[in-house]
Amino acid sequence: MTWVDDSTTADCTFLSFLAVIRVHPLRELSIRTHSDLGNEVWSELITLRNLRKISIWCMDGPPRVLQGWSESLGGTLTHLELGVSYYSHPFYDLLSQLPELRDLRLKGAPAHTITTILSHLVHLRSLDTEYPGSYASCPRGGVTPPPPNFPTLRQLTVRTSAMDRFGPEALWGWIRSIVPKPGLESLDLRAFTIDSSHTGVPRVFILDLARIHGSTLKHFSIGEAQLMLGDIACLCTKFPNLETLESIMESIAGAKNLRTLSLQVQWIPSGRKDARQFTLEHARDLMLRTEDSRLREIAIGPIIYRGKWVLKEPKEEGQEGEVVFRVLADAAVARWQI
């Protein structure tokens with residue numbers, strides 16, 4: 001069941017709706033509201049039982065961190081999305097009462113509390129959380145072994161919109177601290193900007209990650225961070241099962257006058273028959289990565305992709321033609337040099 005309310009004032013409609021759904025075997029509940037739910041609604045919500053998935057996002061009011069509800073959900077809840085606040089309630093104590101969680105998304109949780117939370121969630125496999133910066137990470141040689149009940153994450157997504165000058169250095173150590181056990185399959189860093197003096201992913205981070213997750217990592221996406229070509233080669237070597245590598249667009253972002261891009265590489269470095277190939281859509285995205293991009297020719301191995309703006313004929317007489325960007329692919333032709 002999903003409830004979405006964009007109004008700025010609370011009303012009694014949701015209470016009436018709760019009275020109706022209470023007689024049904026509800027398993028999933030998603031709530032998106034602008035206003036606070038209010039104590040009356042919350043007192044009714046926490047009487048619901050046997051839920052497997054809960055998602056609660058409220059823009060206004062105090063955070064609702066499953067107060068009075070988490071203990072009764074401990075035996076069934078496996079998926080949780082929640083906005084939290086460290087200063088309003090010891091939310092990690094409440095989350096520790098949910099040992100069956102497999103998938104957790106948190107908004108507002110301070111970075112230094114994540115390892116404490118994970119130490120109580122041995123079955124967790126997917127974590128989506130924020131990194132606000134200014135986290136004091138441990139030195140590389142000072143990382144302590146994870147406790148026996150620390151989970152083995154398969155998917156990790158980290159979201160952040162900005163970092164101070166301490167952020168980039170601390171971020172990489174923080175990531176290592178929450179995936180210390182082998183098994184990570186997907187690492188996704190989303191939408192962050194970084195200080196001009198820290199524009200790339202440290203090679204040592206790639207090597208440390210490979211030391212633990214080299215045989216399992218399949219998807220590597222780093223948002224706005226940049227990789228050197230040597231780092232890309234390192235990733236392809238250290239992670240033999242890599243299927244998705246999202247970094248090429250960010251690597252060429254600074255080349256404002258680039259018109260031709262030639263890469264003598266496989267798009268997805270894998271010898272498997274099901275490896276994903278470079279497509280016309282990939283070429284189009286690279287050519288139009290910015291409004292002022294001049295890139296119009298891309299060579300991937302023996303295939304050349306050329307793009308240009310063309311006038312598309314109208315479907316019906318009397319209509320105006322539409323300007324569209326068209327990409328064509330062709331095999332490169334070897335020519336004698338005279």
Check: If only atom types and distance count, is the side chain of His282 paired as donor or acceptor with the main-chain N or O of Thr279 below 3.5 Å?
Finding: yes
Note to self: If we count only N and O atoms by modelled type, under 3.5 Å, do the side chains of Ser55 and Glu81 hold a donor and an acceptor together?
What the structure shows: yes
Next item on the list: Test side-chain contact (heavy atoms from CB on, under 4.5 Å) on Arg159 and Arg105 and set out the steps.
Entry: CA-CA 11 Å; Arg159 304 170 186 269; Arg105 180 180 176 187; 3.9 Å; yes
Notebook entry, point to check: How far apart are the closest heavy atoms of Gly74 and Pro99, and which atoms are they?
Noted result: O-CD, 3.7 Å
Next item on the list: Report yes or no: does Arg284 contribute a side-chain atom to a donor-acceptor pair with the main-chain N or O of Glu281 at less than 3.5 Å?
Entry: no
Notebook entry, point to check: Counting only N and O atoms by type, is there a donor-acceptor contact under 3.5 Å from the side chain of Thr76 to the main-chain atoms of Leu51?
Noted result: yes
Item checked: Single-linkage hydrophobic cluster, 4.5 Å side-chain cutoff, Ile117 and Leu156 together -> yes
Notebook entry, point to check: So which heavy atom on Leu207 is nearest to which on Cys234, and how close?
Noted result: CD2-SG, 3.8 Å
Notebook entry, point to check: Would you call the rings of Tyr131 and Trp174 parallel, tilted or perpendicular if under 30° counts as parallel and over 60° as perpendicular?
Noted result: tilted
Notebook entry, point to check: Okay, side chain of Asp330, backbone of Ile304: is any donor-acceptor separation there less than 3.5 Å?
Noted result: no
Next item on the list: Determine the minimum heavy-atom distance between Lys181 and Pro151, stating which atoms define it.
Entry: CD-O, 3.8 Å
Check: Just wondering, more than 12 heavy atoms not from Arg154 lying within 6.0 Å of its CZ?
Finding: yes
Notebook entry, point to check: Can you name the ring-ring contact (aromatic ring centres under 6.0 Å, His included) partners of Tyr305, sequence neighbours left out?
Noted result: Phe278
Margin query: Has Gln97 got a side-chain atom pairing as donor or acceptor with Glu71's backbone, closer than 3.5 angstrom?
Written below: yes
Check: Are the side chain of Asn149 and the backbone of Ser119 linked by a donor-acceptor contact shorter than 3.5 Å?
Finding: yes
Note to self: Suppose the criterion is side-chain hydrogen bond (donor to acceptor under 3.5 Å, both in side chains): which pairs have a residue in residues 14-28, not counting sequence neighbours?
What the structure shows: Arg22-Glu44, Arg22-Thr47
Next item on the list: Hey, can you tell me if Trp42 and Trp69 have their rings parallel, tilted or perpendicular (30° and 60° cut-offs)?
Entry: perpendicular
Next item on the list: State, without any angle test, whether Ser30 and Arg32 hold a side-chain donor-acceptor pair at a distance under 3.5 Å.
Entry: yes
Notebook entry, point to check: Any donor-acceptor pair under 3.5 Å linking the side chain of Arg102 with the backbone of Glu100?
Noted result: yes
Notebook entry, point to check: Take atom CD in Gln319; do more than 12 heavy atoms of anything else shown fall under 6.0 Å from it?
Noted result: yes
